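Scroll down for the structure; my scribbles are underneath it.
Note that ligands are numbered from 1 as they come in the structure, with each ligand's atoms numbered from 1 the same way. Since the model is a prediction, treat every value here as computed from it, not as a measurement. Quick note: residue numbers are just sequence positions, from 1.
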Amino acid sequence: MDELFEKVKSISSNFNIPGEITGYGVIDNGHINKTFYVVCSDSGVSRRFLLQNINTAVFKNPIQLMSNVIKVTDFLKNKIALNGGDVQRETLTVFPTKSGDSCYFDENGACWRIYNFVENSFTYNAIESPELFFSVGEAFGNFLGLLSDFPMNELYETIPDFHDTRKRVINFENSVKNDTAGRVSQVSDEIAYVLNSRDKTGIIVDMLSSGELPVRVTHNDTKLNNVMFDSNTKKAVCVVDLDTVMPGSALYDFGDAIRYGANTGAEDEKDLSKVSLDEELYRQYVRGYMSKAAKSLTEKEVELLPLSAWMMTFECGMRFLNDYIDGDIYFGISYPEHNLDRCRSQFELAKDIERKIGVLSDITAKAYEEFK
Ligand code: GN1
Ligand code: MG
């Protein structure tokens, strides 16, 4: 007997999905949640659903998280329908439990939820062509555009200060002080880079709190593999992984997309000579993004887009380093030095973005002119 299958079956039986569960598979994606698909057979017709175990060490309030997801996807569905789009494919659909709840807590307190499975689609882990990244820019630009009139007061801040880079530096300094895993002495160059960059880390958060930057519905995890592509058209169809949807800044989403997608190396690349910011990829992303979002963005946001790429790359590198110093308690790792390799790749990229910031500003200004 496949124990995992029995478990997946018993969890799924609490949800309002049609038919009998006849199969499942593991989807290996992301550093935080565990993801499966389940196959349901109903009168000879099979249909897949996405089953996820929400990591409640990271997402401490899954009910609020699910409330954000449902509000945002409902809002998107209305817009998609008005635009003549396909509401079943262009955003996610939450399937509630049989008692009408947004998620299910099992006997061990683990939290589960079910989404539709976007069939005939796939994700990329690396960019294969500049045109592809244009399409990702369109997807996230569209996400921002469609949600630009969302009633912000309906959203919970499920992870407070998620992209408050300056607060993260303070937490980082505490971890260095505590040195719980005894690793601080191995990473002095990386620590020095964090401390030397400290002065820049408040720029976005300060402008958000002063009102110089607008608060927006923010995805907060705009990695390339959070965009589903249609297998036939090869066009982006759906933005997924809505767990960190919260009030925030458009800059977080732009910067994070560049951090992941415009790196010529992998997020965890060991060979740092392969890591750099690809200017052509940056150009295509910013053009795709502007083609959908230029009319919604403020001039201040546009001006700060290149800096956001540095900020999100720096912040992510610091988070990986912080976790390495803490003994790998937050991000899933595949080998002992994984978080350190991730940190080094991110810092290499952050330094390259610093060198190229003037060029990136020119590219951004041109793309804005093209589409505003
Ligand atoms: C985590 O698990 P995943 O890949 O969706 C993290 C993001 C990081 C990302 C780095 C809730 O996202 O913030 O940018 O890893 N999510 C959370 O790859 O911390
Ligand atoms: Mg995520």
How far apart are the closest heavy atoms of Val39 and Ser46, and which atoms are they? CG1-CB, 4.0 Å

Can a non-hydrogen atom of Tyr260 be found less than 4.0 Å from any atom of ligand 1? no

Is the Phe140 ring parallel, tilted or perpendicular to the Phe143 ring (thresholds 30°, 60°)? perpendicular

At under 4.0 Å between heavy atoms, which part of Asp241 makes contact with ligand 1: side chain, backbone, both or neither? side chain

With atoms numbered from 1 as shown, which atoms in ligand 1 lie under 4.0 angstrom from a non-hydrogen atom of Tyr330? 11 (C), 17 (C), 19 (O)

Please work out which of His31, Arg319, Glu267 has its closest non-hydrogen atom nearest to atom 8 (C) of ligand 1. Arg319

I want to know whether Tyr285 and Phe254 have ring centres closer than 6.0 Å. yes

What atoms of ligand 1 come closer than 4.0 angstrom to any heavy atom of Phe59? 11 (C)

The single option from Asn263, Val136, Asn125 that satisfies side-chain contact (heavy atoms from CB on, under 4.5 Å) with Leu224 is Val136

Can you find an N/O atom of Ile159 closer than 3.5 Å to an N/O atom of ligand 1? no

Tyr324 and Gln186: side chain donor to acceptor below 3.5 Å: yes

Distance-only side-chain donor-acceptor flag, Ser175 / Asp326, under 3.5 Å: yes

Is Lys223 close to ligand 1, meaning an N/O of one under 3.5 Å from an N/O of the other? yes

Going by the 4.0 angstrom heavy-atom rule, the piece of Asp221 near ligand 1 is side chain

Have a look at ligand 1 and work out which part of Phe320, if any, has a heavy atom under 4.0 Å from it: side chain, backbone, both or neither. side chain

With a 4.0 Å heavy-atom cut-off (strictly under), which part of Glu315 contacts ligand 1: side chain, backbone, both or neither? neither

If the plane angle is over 60° it's perpendicular, under 30° parallel, otherwise tilted; pick one for Tyr24 and Phe36. tilted

Tyr156 atom OH, neighbour heavy-atom count above 12 within 6.0 Å: no

Can you name the atoms of ligand 1, numbered from 1 with element, that are less than 4.0 Å from a heavy atom of Arg259? 10 (C), 14 (O), 18 (O)

Please determine if Asn220 has a nitrogen or oxygen closer than 3.5 Å to a nitrogen or oxygen of ligand 1. no

